[in-house]
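Here the structure comes first, spelled out in structure tokens, and everything after it is commentary.
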Amino acid sequence: MAFDAATVAARMTAGADLVGSGFPRDLAESAPLTLPVSIVIRANLTTADIAETLAVATGRAPAPLRNRRLRGCLVAHRGCGMIFLDEDDAALVRFALAHELAHFAGHYLTRRELAIARLGPGIVDVLDGVRAPMAQERLAGILTGCPLGAFTDVMERDDGVPLTAAAEIMEYEADEAAFLALAPIGIVIARTIERGNGVGRQAVTMTLIEAFGLSASDADRHAPRIVNAIGRSWPSLVEQLRKAASEMERERHM
């Protein structure tokens, strides 16, 4: 199943209107209103903290993970999610939460719902890791495009880099949805124009930081998307401005 960043971002922000959340968006307040997810913020979060929490919750021995610091982590099971975030600068926490929500909504929940819809409620035990899929279920999963089995752990890293190509793709997809949820391209362009400092990369970056609450590093990563979108739409945007100016001039002489 293809990951659609725009669709995932829309699902992540569905609760924003319920709390009157403008920008910067407060997904910590709005997301739990429409998604089965809870959020935990801890100082100096590490993989050991996650492993110990899961061991207590499940009664199983902690997973053998190399201990390292984390900005965020998603634990998803039985259709619900728990997002752990490192206590940090507000802008960094904002993006880390959006990134983990994208994993939950796009990589876990949507695929789980699709599998249940196509294969029936009997597949839930497979998705929850209670039992392995039977041969006919594996075949049905392949034919219907539904990945089966428990949600895969992709926390392992080599100096911060995902160990597999699949994990790297998931990280990229989650970033894409997170940026669209926190700073929708069309709204960023409009805000940048309103600020009157041009529409170059520096102006866009400052808009992302000051109006949308992104950190300087995250804003710098997202700015090229906005600038490219402006470049693609600029001829039509100029034409719209010319048309509006022409109409205003015509009205003045009426």
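Owing to the predicted nature of the structure, the values given are computational and were not obtained by experimental measurement.
Following chains of ILVMFWY side-chain contacts shorter than 4.5 Å, one cannot reach Val227 starting from Ile209, and the two form parts of different hydrophobic clusters. Hydrophobic clustering keeps Leu74 apart from Leu92 (ILVMFWY residues linked when any side-chain heavy atoms are closer than 4.5 Å, directly or through intermediates). Under a hydrophobic-cluster definition in which Ile, Leu, Val, Met, Phe, Trp and Tyr are linked whenever side-chain heavy atoms come within less than 4.5 Å, directly or via other members, Phe212 and Ile185 are assigned to the same cluster. Transitive grouping of hydrophobic side chains (ILVMFWY, heavy atoms separated by less than 4.5 Å) keeps Met206 and Ile187 in distinct clusters.
In this structure, CG in Leu18 is found 8.5 Å from OG in Ser30, a value given to the nearest 0.5 Å. Of the inter-residue distances, the one linking His99 atom NE2 with Glu176 atom CD reads 11.5 Å to the nearest 0.5 angstrom. Here the CZ-CG distance, from Arg225 to Leu208, works out to 10.5 Å after rounding to the nearest 0.5 Å.
Looking at Arg221 and Asp175, a side-chain N of the basic residue comes within less than 4.0 Å of a carboxylate O on the acidic one, giving a salt bridge. A salt bridge between Arg69 and Asp86 is present, with a side-chain N of the basic residue lying under 4.0 Å from a carboxylate O of the acidic one. One finds a salt bridge joining Arg201 and Asp220 here, because a Lys/Arg side-chain nitrogen approaches an Asp/Glu carboxylate oxygen to under 4.0 Å.
When every heavy atom of Ala91 is checked against every heavy atom of Leu214, the shortest pair comes out as CB-C, 3.8 Å. The minimum heavy-atom distance linking Arg71 with Ala96 is given by the pair O-CB, 3.9 Å. Smallest separation of non-hydrogen atoms from Gly106 and Arg111: O-NE, 3.9 Å. Contact record, Pro184 with Ala181: CD-O, 4.2 Å, taken as the closest heavy-atom pair. Here the closest non-hydrogen pair linking Leu180 and Ala9 is CB-CB, 3.8 Å. The two residues Ala43 and Glu87 come nearest to each other via the heavy atoms CB-OE1, 3.5 Å.
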Practice problem: Please assess Val199 against Ile189 for the test side-chain contact (heavy atoms from CB on, under 4.5 Å), listing each intermediate value before the final yes or no. | Solution: CA-CA 8 Å; Val199 290; Ile189 292 173; 5.7 Å; no

Quiz item: Given Phe23 and Arg191, is the side-chain contact (heavy atoms from CB on, under 4.5 Å) satisfied, shown in steps?
Solution: CA-CA 11 Å; Phe23 296 96; Arg191 291 286 181 88; 4.0 Å; yes

Exercise. Walk me through it: do Leu109 and Arg11 pass the test side-chain contact (heavy atoms from CB on, under 4.5 Å)?
Key: CA-CA 11 Å; Leu109 198 59; Arg11 187 166 191 182; 3.5 Å; yes

Practice problem: Would you sort out whether Leu45 and Ile50 count as a side-chain contact (heavy atoms from CB on, under 4.5 Å), showing the intermediate values? | Solution: CA-CA 8 Å; Leu45 183 68; Ile50 306 301; 3.9 Å; yes

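Between Val19 and Leu33, the closest side-chain pair of non-hydrogen atoms falls below 4.5 Å. Between Ile41 and Phe84 the shortest side-chain heavy-atom distance does not fall below 4.5 Å. Contact of the Thr13 side chain with the Arg25 side chain is registered, since non-hydrogen atoms from C-beta on lie closer than 4.5 Å. Counting heavy atoms from C-beta outward, Arg112 and Val124 have side chains that approach closer than 4.5 Å.
At least one donor-acceptor pair closer than 3.5 Å links the side chain of Asn228 to the backbone N or O of Pro224. When atom types are taken as modelled, the side chain of Thr110 and the backbone of Ala105 share a donor-acceptor pair closer than 3.5 angstrom. Without hydrogens or angle criteria, Tyr108 side chain to Gly79 main chain gives a donor-acceptor distance under 3.5 Å. With hydrogens and angles ignored, the 3.5 Å screen pairs a side-chain donor or acceptor of Asp49 with a backbone N or O of Thr46. No donor-acceptor distance shorter than 3.5 angstrom exists from the side chain of Arg68 to the backbone of Thr47, with no hydrogens or angles considered. Asn197 contributes no side-chain N or O that, together with a main-chain N or O of Ala203, makes up a donor-acceptor pair within less than 3.5 Å.
At a cut-off of 3.5 Å, with distance as the only test, a side-chain donor of Thr207 or Arg195 sits close to an acceptor on the other residue. Side chain to side chain, Glu173 and His103 fail the donor-acceptor criterion of an N or O pair below 3.5 Å.
Remark: Glu113 CD is packed, more than 12 non-hydrogen atoms of other residues, nucleotides or ligands lying under 6.0 Å away.
Aromatic ring centres of Phe3 and His107: separated by under 6.0 Å.
No option in Val93, Leu97, Leu101, Leu27 other than Leu97 meets the side chain to side chain contact (heavy atoms under 4.5 Å, CB included) test with Ile39.
Phe95 and Phe179 have tilted rings, their planes meeting at an angle from 30° to 60° on a 0 to 90° scale.
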